[in-house]
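Counting convention: from 1, in listed order, for ligands and their atoms alike. For the single chain, residues carry numbers from 1 onward in sequence order.
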Amino acid sequence: MSKNLVQFIIEEQRRVPGASGDFTGLLSDIISACKHIAHAVNKGELIGVLGSAGSENVQGETQKKLDVITNDIFIKATEWSGHLAAMASEEMDNIYPIPKQYPRGKYLLTFDPLDGSSNIDVNISVGTIFSILRCPEGVTNPTANDFLQPGVKQVCSGYALYGPSTMLVITTGHGVDGFTLDSDVGEFILTHPQMTIPADTQEFAINMSNRRYWEEPVQRYVEECTKGKDGGREKNFNMRWVASMVAEVHRILTRGGIFMYPFDTKEPGKAGKLRLLYEANPMSFIVEQAGGACSTGRERIMELKPTGLHQRVPVILGSKNEVERVVGYHKGT
Ligand code: AHG
Ligand code: MN
Ligand code: MN
């Protein structure tokens, strides 16, 4: 019988002397949340979950019904079991401390319950992203400040991709493993052990409609990609843009590539579009564990000291040699 995700994490747990099983328990809850979200996303209009919720999140984005529903699924699946002290999500203005009726645990959870939600009404892939941090020693009543840990402190991160198949991809710092949901038996089966990102690529992903707002180094890089062999590069490039970071990162984990949501001047005061704590950091942990690189253009993403729960950062990630090239273009700017 093929190995399932619960078996996989229990075997991982055995490698950690003295492990209490808390982490394994928390991951089981997250797996359960992702299965429920997969079900809701898959049923779509049959259960009336498409369309706008008519509300805005803290970032001024219109919430889809499924943004709200999936956020609720994540809370309900993880709050009860005593492994978490608090959680934070794209869809909640403030942190969500574990309610008094439940025991509190030693982990903090951040998540983007539905990534790429502009895709949901048009039936294109969406995902869920999560990151697990340790609650600081001695803290039983965490505040937002306790979440402001650099990405290098993550214990685990992962994403679920709701595409033609539902997949869950995770890292605990020992490489990256991918699992596919077998909906007949309701289990995630290990199908993509130790995923790696090739160092070179001929594929880039960026929202070209923002071109006029980019900085010079990104302009230069993309210009070179589009010119290919006619512009000094040794190869021609292909381009993709799904508008769902989960789907882009999954493609990069599968066949390489570079993804950029760089700094732009489109909206003054916003350093980028993607959020550090529940998009950029968890994805960076996965990409780096698979041999890729992640940068803002100027700094390694996972070394940034966060300053806010919903802080945005420029993101350039994927195949190492291309990311390093873009970072090189930023030097001295
Ligand atoms: P979310 O749906 O969680 O707000 O995230 C969407 C993000 C990301 O997944 C994607 O890469 C990017 O926004 C797409 O942005 P554009 O619509 O500007 O292309
Ligand atoms: Mn997102
Ligand atoms: Mn989202």
Less than 6.0 angstrom separating the ring centers of Tyr221 and Phe204, yes or no? no

What atoms of ligand 1 come closer than 4.0 angstrom to any heavy atom of Ala243? 10 (C), 14 (C)

Would you confirm whether Glu248, through its side chain, and Ala243, through its main-chain N or O, come within 3.5 Å as a donor-acceptor pair? yes

Sort by chain and number the protein N/O/S atoms that are closer than 2.8 Å to the Mn ion (ligand 2), and list them. Asp112 OD2, Asp115 OD1, Glu279 OE2

Part of Tyr278 within contact of ligand 1 (heavy atoms, under 4.0 Å): neither

Side-chain donor or acceptor of His310 paired with backbone N/O of Asp93 under 3.5 Å: yes

Near Glu279 (heavy-atom distance under 4.0 Å), the atoms of ligand 1 are 3 (O), 5 (O)

With the threshold set at 4.0 Å, does a side-chain nitrogen-carboxylate oxygen contact exist between Lys305 and Glu299? no

I'd like to check the ring-ring contact (aromatic ring centres under 6.0 Å, His included) partners of Phe285; sequence neighbours left out, ordered by chain and number. none

Quick check on contacts: which atoms of ligand 1 are under 4.0 angstrom from a heavy atom of Asp112? 3 (O)

Is Arg275 in polar range of ligand 1, meaning some N or O pair under 3.5 Å apart? yes

the protein heavy atom lying closest to atom 1 (P) of ligand 1 turns out to be Gly116 N, 3.7 Å

Please determine whether salt bridge (charged side-chain N to carboxylate O under 4.0 Å, His left out) holds for the pair Glu267 and Arg312, giving the CA-CA distance in whole Å, both sets of side-chain angles, and the decisive distance to 0.1 Å. CA-CA 12 Å; Glu267 283 185 63; Arg312 295 173 193 261; over 6 Å; no

Given the rule that I, L, V, M, F, W and Y join up when any side-chain heavy atoms are under 4.5 Å apart, are Ile75 and Leu108 in one cluster? no

In ligand 1, the atoms that come under 4.0 Å of a heavy atom of Ser244 are 9 (O)

Note: Ser117, heavy atoms under 4.0 Å from ligand 1, region reported as both

Heavy-atom distances under 4.0 Å decide this one: backbone, side chain, both or neither, for Glu248 against ligand 1? neither

Do other residues, nucleotides or ligands put more than 12 heavy atoms under 6.0 Å from the CG atom of Asn321? yes

Taking only Lys NZ, Arg NE, NH1 and NH2, and the carboxylate oxygens of Asp or Glu, determine whether Arg220 and Glu216 approach each other closer than 4.0 Å. no

Just to confirm my output: which protein heavy-atom neighbour is closest to atom 7 (C) of ligand 1, and how far is it? Leu274 CD2, 3.7 Å

How far is atom 17 (O) of ligand 1 from its nearest protein heavy atom, and which residue and atom is that? Lys273 NZ, 3.6 Å

With a heavy-atom distance limit of 4.0 Å, tell me whether Asp115 approaches ligand 1 through its side chain, its backbone, both, or neither. both

Does the N or O separation between Met245 and ligand 1 drop below 3.5 Å for any pair? yes

Does Glu223 come within less than 4.0 Å of Arg211, counting only side-chain N to carboxylate O? yes

Looking only at protein heavy atoms, what sits closest to atom 18 (O) of ligand 1 is Tyr261 OH, 2.5 Å

Filter on salt bridge (Lys or Arg N to Asp or Glu O under 4.0 Å), then keep only pairs touching residues 271-284, sequence neighbours left out; what's left? Glu61-Arg275, Glu90-Arg275, Arg275-Glu279

With sequence neighbours left out, the residues meeting side-chain hydrogen bond (donor to acceptor under 3.5 Å, both in side chains) with Asn94 are none

Kindly indicate, with the supporting measurements, whether the criterion side-chain contact (heavy atoms from CB on, under 4.5 Å) is fulfilled by Phe179 and Asn4. CA-CA 8 Å; Phe179 302 79; Asn4 70 39; over 6 Å; no

Between Leu114 and ligand 1, which part of the residue brings a heavy atom under 4.0 Å of the ligand: side chain, backbone, both or neither? backbone

